[in-house]
Structure formats: C-alpha cells, structure tokens
Amino acid sequence: MTHRIIFMGTPDYAAQYLEGLIFSGYKPIAVITQPDRPAGRAQTVEATPVKRTAERNNIPVHQPEDIRDPQWTKKIQELKPDLIVVVAFGQIIPQSILTIPSKGCINVHPSLLPRHRGATPWQETILQGDATTGVTIMLMDEKMDHGPILSQEGVDVAPDETTKSLEDKTAAIGIPLLIGTLTRWFAGTVTPAEQHHDQATYTRLLKKESGRIDWSKCPVEIDRMIRALNPWPGAWTEWHGKRIKILKAHLDEQNDLIVDELQPEGKKSMDAKTFRNGYCQGAQKEQPLSSLFQSQADGSSKE
RNA sequence: CGCGGGGUGGAGAAGUCCGGCAUCUCGCCUGGCUCAUAACCAGGAGAUCGCGGGUUCAAAUCCCGCCCCCGCAA
C-alpha cells in the first residue's frame, strides 16, 4: 500500500533526507520548501536544494512565503496527506496543519531531545563540548521540538568535530533511522514516548556577528567556537584592518590554541606556515598566531 | 548591474597612488658544517608581473577591454 506523504524542508541537509525517502519507496506526493531567494555573490535567484531534488524526481513543489497563511492549510487539506515529514524547513508550522494528516507530522531533529531544542543543535552540541549527540524522530506538537519521541539514535562527537562533519554524521544515521521509524510507525509498532520536559535545553540563535573571536575567552572555548561556526558563519578576527577567517585550529598539550588553517579576506585559504611566510616578519614569525591576533584585537579595541 | 579585495619565479607576500635594474619570507638544486636534523653557513637555478590592446624614450606601475579567484551579503 502506498502512503500519501508530504515532505517539508529547505537546505541540503533536508534534501538528503528527501532522497532517502524516495530511494526507500516513500516518495512524497508533494514537497514544500522556502521560496527561491537571491543567493551567492551574484545575488542570483536560486532554487533551494530540496526544490532541485524534488524537480529531479518529478514531485510537485510548493513554496509558501508564509506557511501560516490560511490558504496553505486549505491547500494541504486538499492534498489529503497521511503523514507530513519535516526536516529543517525554516518556518513555524501552524497547529491547523499539524492536525491534518491521520498519521501525524514527523520531525527529524539532529540532537538527543530534550537536549538542544531549537534551530542550531549541531552548533550548540559543539559549543557545549558534548561527548555524544544523536538524532531524534518525533511527532510534532504545538511547541518547538517538544512532541513525543518515536525513536532516537546516538553518535559520538569527535574532538575535531565541526558543524559540517556533524551534519554529515547525523544524516548518515538519521536517514536510515527515519526510514525504519516510518515503516514501524505505519505498521503501528511504535509507541510515542513523552519527552522529559524538565531536562530540556534550548539553543541560542546564531547571529551573523557571532563569528568574531573574543580572544579573552579560554582556548578551549575558542576552539569549540571555531569548530561550531564552521562553515557558517565562520570564526574570524581582525588583522591590520582586514578580516581573517580561522578555518581550522586545535589545542596542544598545554591547551594552547594552535591555528592550522586560515583565510584572509579576499584570499584563498592557506595553512599557518604559508600565512607566516607572506604576512609576518621578524619576531612575529616565532609568535603563536593566536597571540598575534589577540594583541591585534586588543590594540584595536582600545582605540 | 548588491558591496568589496585580489591575480608578481613552485607557495605566500611587498612593489602599483608618484612609470626608471624583479624585492621579502619560504620551497627547490649544489657545496660546506654536523653523529644527525625541519638547524646553521656559502653559492645557484627558476618570471610571457592573469590575457589582449593603448599611451610613453621607458609600463608590474597610467588608460581601455576581457578572463579567473576570493571576502561581505543572502
């Protein structure tokens, strides 16, 4: 028997799940994603990754400016879905839609709920220094990331984990987990488990300026920040009036921060030694980059 | 036409405003020193200064056109 599934999602991470669903025989009858928006250096209007995947597979695409607009509730009613799957959609879905499908609305959240509810679970996992995280499949209710859990799977967080690598890791376990959970959910062999709401934590929203490195923080925190903000929005500092992105760094035995790879504004990325050869002279060559940047940052902030 | 930076021996930079011998830190090659080394000393090779055109006695540098890379932003 076939199920009438609607998929809602936007970025590349969501597109991977969509592909997984299609590949496993759960091809959605419709896909809902964010409107095309200007993107990239040329500010050209580009389709979302989910839209591109849907079109490749001949699935009808809808792009609401605001999903809370009543016309979309009506539209989705007409589609008569049994189930809605939501992965990184980017808009708050109103109660009037959540109650439409008989099998409910299922959300994939890349953390072990109730920990890290909110929009930036990967980043928060790294910022908090968590040793493990995971993926949660849950039924959506009126509160964000609050509904009953259908299934969960954990994964270790590596010492050099970045948001990008964690994204890949959670997709690798999350996609099969979603497929398996769907199968059992349709078979009626899953019992939703209420979350332990008293243990809930919430992620902070990353601002665009969150990437500026505060060198007065301890190296452990700065290291986490560099990894958590990679690739977006990126951790950076000022050097002679120009922005320098710190792409990669690690802590040595003394827990000092060692910069490994960086990218000056307008330049390609380069390793630390290459940077020194071109940009540093004299005594600067021997000094750790982290302290060089720190003194620069201190100097400019006092003026 | 969203804003901005850049293209200089193999790598990263300075020089460009104000035209006048191709510079710096590395890498590479040779020789030396050393038990030894990514260390040190001496010597050396390696360049259509992104591409095309223009101005000039003279262009990396000034003018026009083109290609490519990147930061911001989203």
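Residue numbering restarts at 1 for every chain, and letters A, B, ... go by the order of the sequence lines. Quick caveat: nothing in here was measured; it's all calculated off a predicted structure.
- Distance noted for atom P between U37(B) and U25(B): 24 Å (whole Å).
- When the P atom is compared between U8(B) and C1(B), the two are found 32 Å apart, to the nearest whole Å.
- The nearest heavy atom of RNA chain B to G266(A) and to G40(A) marks one nucleotide each, and the one closer to the 5' end goes with G266(A).
- Neither I67(A) nor L18(A) shares a network with the other; the hydrophobic side chains, linked directly or stepwise wherever heavy atoms of I, L, V, M, F, W or Y lie under 4.5 Å apart, form separate groups for each.
- For K245(A), whose side chain is taken as the heavy atoms from C-beta onward, the closest listed nucleotide among C72(B), A74(B), A73(B) is C72(B).
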Go through the steps for F275(A) and I244(A) under the test side chain to side chain contact (heavy atoms under 4.5 Å, CB included), then give the verdict.
CA-CA 11 Å; F275(A) 178 83; I244(A) 296 203; 3.7 Å; yes
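- Nucleic acid contact class of R243(A) (heavy atoms, under 4.0 Å, all strands): sugar-phosphate only.
- Taking a pair to require two hydrogen-bonding distances under 3.5 Å in either a Watson-Crick or a G-U wobble arrangement, C40(B) pairs with G32(B).
- Pair assignment for A13(B) gives U23(B), based on Watson-Crick or G-U wobble hydrogen-bonding distances that are each under 3.5 Å.
- Close to A73(B), at under 4.0 Å from its OP1 or OP2, lies no side-chain N or O of Q43(A).
- Taking only side-chain atoms of K273(A), from C-beta outward, the nucleotide of C26(B), C3(B), A74(B) with the closest atom is C26(B).
- Straight-line distance from the CZ atom of R41(A) to the C1' atom of C1(B): 16 Å, rounded to whole Å.
- C21(B) and G71(B) have their P atoms separated by 36 Å, given to the nearest Å.
- The separation between I244(A) atom CD1 and G4(B) atom P is 21 Å, rounded to whole Å.
- A donor-acceptor pair is defined here as one N or O able to donate and one able to accept, closer than 3.5 Å; such a pair exists between the side chain of Q34(A) and the backbone of G90(A).
- Between Y13(A) and W122(A), the two ring planes are perpendicular [angle over 60°; tilted spans 30° to 60°].
- If you take atom P in A45(B) and the same atom in G52(B), they sit 27 Å apart, rounded to whole Å.
- Rounded to whole Å, atom P of G27(B) lies 13 Å from atom CG of D271(A).
- Residues P38(A) and C280(A) both approach RNA chain B. Their nearest nucleotides, taken by heavy-atom distance, put C280(A) toward the 5′ side.
- Ring centers of W236(A) and F293(A): at least 6.0 Å apart, outside the cut-off.
- With both pairing distances under 3.5 Å, U61(B) is matched to nothing as a Watson-Crick or G-U wobble pair.
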Whether each nucleotide of nucleotides 8-13 of chain B has a protein heavy atom under 4.0 Å at its base (B), only at its sugar-phosphate (S) or at neither (-) is summarised, 5' to 3', as ---SBS
Give the table of side-chain donor-acceptor pairs shorter than 3.5 Å for residues 70-89 of chain A, with sequence neighbours excluded, one pair per line with atom names and distance.
residue: T73(A); atom: OG1; partner: S96(A); partner atom: OG; Å: 2.9
residue: D82(A); atom: OD2; partner: R4(A); partner atom: N; Å: 2.7

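- Rounded to the nearest Å, the gap between the P atom of A73(B) and that of A11(B) is 30 Å.
- Here E194(A) pairs with H197(A) under the side chain to side chain donor-acceptor pair (under 3.5 Å) rule; sequence neighbours left out.
- To the nearest angstrom, C1' of C3(B) lies 15 Å from NZ of K242(A).
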side-chain hydrogen bond (donor to acceptor under 3.5 Å, both in side chains), that's the test. Do D145(A) and H116(A) meet it? Break it down for me.
CA-CA 9 Å; D145(A) 301 324; H116(A) 300 322; over 6 Å; no
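- Of all nucleotides present, none satisfies the Watson-Crick or G-U wobble test against C49(B) with each distance under 3.5 Å.
- Remark: the separation of the P atoms in G50(B) and C41(B) is 33 Å, to the nearest Å.
- Taking the P atoms as reference points, C17(B) lies 25 Å from G10(B), given to the whole Å.
- Both distances falling under 3.5 Å, in either a Watson-Crick or a G-U wobble arrangement, place C3(B) opposite G71(B).
- Heavy-atom contacts from other residues, nucleotides or ligands closer than 6.0 Å to NZ of K248(A) number 12 or fewer.
- Residue W232(A) contributes atom CH2, which lies 15 Å from atom C1' of G71(B) at whole-angstrom precision.
- Annotation: C63(B) and G19(B) have their P atoms spaced 12 Å apart (nearest Å).
- Rounded to a whole Å, the CG atom of L206(A) is 13 Å from the P atom of A73(B).
- If you measure from atom CZ of R37(A) to atom C1' of A73(B), you get 15 Å, rounded to the nearest angstrom.
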